[in-house]
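First up is the structure itself, then whatever we jot down about it.
Letters A, B, ... mirror the listed sequences (proteins, then strands); counts begin at 1.
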2 protein chains.
Amino acid sequence: MKKTEIKRQLVIEKIADHLLANGMKEASLRRLAAAAGMSDRMLLHYFVNKDELLTAALILITERLIVMLEGARLEQLPYPILLPHLAGMMKNPQIRPFLRLWLELVSLSSGAEAACHAAAQQIRDIFFDWMTAVLKVEREEERKPLAALAFATIEGLVLLDALDSGSLIESALEGVKMQNR
Amino acid sequence: MKKTEIKRQLVIEKIADHLLANGMKEASLRRLAAAAGMSDRMLLHYFVNKDELLTAALILITERLIVMLEGARLEQLPYPILLPHLAGMMKNPQIRPFLRLWLELVSLSSGAEAACHAAAQQIRDIFFDWMTAVLKVEREEERKPLAALAFATIEGLVLLDALDSGSLIESALEGVKMQNR
DNA sequence: TATTATATGTAGCGATCGCTACACAATTAT
DNA sequence: ATAATTGTGTAGCGATCGCTACATATAATA
């Protein structure tokens with residue numbers, strides 16, 4: 001009797017792909033159904049409503065993100081090295097869709113959508129925890145503050161990236177170098 | 001025969017207020033019309049379509065932002081002082097709506113809406129120019145890179161703020177202090 | 001004053017949205 | 001084999017969206 005459950009999982013995978021590729025603004029039930037290769041009617045057979053579907057897909061996305069960051073784990077780097085490294089990761093076509101989607105979720109979560117807010121917060125935590133683990137510090141009490149600072153800065157760069165502000169990003173990274181000279 | 005033009009300006013003011021107060025997601029023609037105290041039919045009498053209306057309102061908003069930042073001009077501050085100062089400004093109820101709206105515009109501009117993209121880029125430039133002017137540097141070649149870095153960091157804090165991540169913001173500011181000790 | 005242009009209201013079109021009612025086939029359980 | 005449960009398709013509801021046709025009132029111009 002688990003055939004339904006298997007199908008459900010398959011659908012969730014496809015919806016997650018679609019969300020990462022196209023963002024939340026293309027996420028009407030009919031479009032999502034097309035992406036999953038079925039009718040909207042069937043989507044609502046597997047999921048009680050759109051919100052539950054989105055929640056499931058966003059949870060899968062966060063799980064994928066965890067796996068990906070786990071795979072990208074590297075030896076600890078000190079702040080001035082870590083930041084340009086992260087800026088490079090930001091352009092990685094495997095990671096970039098997560099950042100874009102996350103930006104959209106943050107913006108949406110200011111409003112109503114409960115699923116978006118929860119997902120946005122969870123993705124924030126995932127990124128921050130990873131950043132905390134990968135930062136090399138001289139004294140442990142520096143870890144959390146510097147990780148938070150690196151996180152905030154990278155987010156700012158993500159925002160600039162969404163606005164095609166490449167030169168500003170380069171300038172900011174230049175600023176990091178200057179600061180730690 | 002300028003009565004129409006006067007009315008137009010009045011409408012633009014009210015729409016701008018509404019956008020700052022409620023964001024872009026509540027910006028259907030009918031809602032905007034209610035905010036302007038008229039019917040949607042009349043809105044489309046004064047403006048050829050929704051896009052033109054939004055563009056006009058967003059332009060007014062950027063003008064207001066310029067005036068506000070001009071008023072908030074302060075003597076130049078060095079980076080480690082400027083950043084917490086900006087973080088404080090971020091919570092100012094006069095400025096916060098601009099930041100929230102700007103975040104939403106950036107997210108929207110990744111997609112289609114032309115008006116949003118243009119407005120988002122312009123607001124970015126306004127903030128960055130102001131940041132550049134208000135930063136105190138020891139050598140002039142530091143100005144642009146450090147302003148860009150400060151800008152990116154503040155934007156990251158805006159993002160965190162939209163997610164109710166107050167403690168992360170505090171940590172990040174603590175990180176700034178540590179870095180410049 | 002007569003004519004023309006501008007201002008405002010009512011109603012609704014066609015598209016899309018999330019979602020549901022109804023019908024029927026396929027599978028499973030008894 | 002019969003009954004009950006589960007899967008799938010068609011059609012459409014009511015709401016909202018941006019926008020428009022049509023009508024009339026008001027004002028500007030001749």
Side-chain angles (χ1 to χ4, degrees), chain A residues 1-16 18-19 22-59 104-105 107-109 111-119, chain B residues 1-16 18-19 22-59 104-105 107-109 111-119:
Chain A
M1 207 61 54
K2 67 179 102 175
K3 203 176 148 196
T4 295
E5 193 52 37
I6 292 175
K7 192 102 182 201
R8 247 182 75 106
Q9 283 314 117
L10 247 92
V11 169
I12 292 175
E13 298 268 353
K14 288 185 182 173
I15 299 299
H18 185 264
L19 289 184
N22 303 98
M24 302 294 294
K25 63 193 169 304
E26 305 286 349
S28 76
L29 271 181
R30 284 166 174 85
R31 283 178 208 262
L32 292 178
M38 58 179 56
S39 69
D40 57 331
R41 164 69 182 74
M42 286 315 295
L43 268 191
L44 292 175
H45 175 67
Y46 293 114
F47 303 88
V48 301
N49 56 29
K50 184 182 175 180
D51 203 76
E52 201 206 63
L53 168 63
L54 285 184
T55 301
L58 289 174
I59 285 175
E104 204 173 352
L105 291 175
S107 169
L108 287 174
S109 80
E113 320 238 19
C116 294
H117 192 70
Chain B
M1 207 61 53
K2 65 180 106 172
K3 204 175 147 198
T4 295
E5 193 51 39
I6 291 176
K7 192 103 182 201
R8 247 182 76 105
Q9 283 313 117
L10 245 91
V11 168
I12 293 176
E13 298 269 353
K14 288 185 181 173
I15 299 300
H18 184 264
L19 289 183
N22 304 99
M24 302 295 294
K25 63 193 168 307
E26 305 286 352
S28 76
L29 271 181
R30 284 166 174 85
R31 284 177 208 262
L32 292 179
M38 58 178 57
S39 69
D40 58 330
R41 164 68 182 75
M42 286 315 296
L43 267 192
L44 293 175
H45 174 67
Y46 293 113
F47 303 88
V48 302
N49 56 28
K50 183 183 177 181
D51 203 76
E52 202 207 63
L53 168 62
L54 286 184
T55 300
L58 289 174
I59 286 175
E104 204 174 352
L105 291 175
S107 169
L108 287 175
S109 81
E113 320 239 20
C116 294
H117 191 70

message: Protein within reach of the bases, or only the backbone? For nucleotides 17-23 of chain C, mark each nucleotide 5' to 3' as B, S or -, using heavy atoms under 4.0 Å.
response: BBBBBB-

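Checked against side-chain contact (heavy atoms from CB on, under 4.5 Å), B:Leu54 has the following partners two or more places apart in sequence or in another chain: B:Leu19, B:Met24, B:Leu32, B:Lys50. Evaluation of the side-chain contact (heavy atoms from CB on, under 4.5 Å) rule for A:Ala56 yields A:Ile12, A:Phe47 as partners, not counting sequence neighbours. Take B:Arg31 and apply the salt bridge (Lys or Arg N to Asp or Glu O under 4.0 Å) test, not counting sequence neighbours, and it matches B:Glu26. Partners of B:Ile59 according to the side-chain contact (heavy atoms from CB on, under 4.5 Å) rule, which considers only residues two or more places apart in sequence or in another chain, are B:Thr55, B:Glu63.
Here C:dG9 presents its P atom at 12 Å from CG of B:Leu43, a figure rounded to the nearest Å. A:Met42 has its CE atom 12 Å from the P atom of D:dT10, to the nearest Å. Counting to the nearest Å, the P atom of D:dT16 and the CD atom of B:Glu26 are 12 Å from each other. Across the protein-nucleic acid pair, A:Lys7 atom NZ and C:dA26 atom P stand 15 Å apart, rounded to whole Å.
Residue pairs satisfying the side chain to side chain donor-acceptor pair (under 3.5 Å) criterion with at least one member in residues 34-47 of chain B, sequence neighbours excluded, are absent.
Within 4.0 Å of B:Phe47, counting heavy atoms only, lies no atom of the nucleic acid at all.
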- request: Any chance you could lay out the side chain to side chain contact (heavy atoms under 4.5 Å, CB included) test for A:Lys7 and A:Met42, step after step, and finish with the verdict?
  value: CA-CA 11 Å; A:Lys7 192 102 182 201; A:Met42 286 315 295; over 6 Å; no

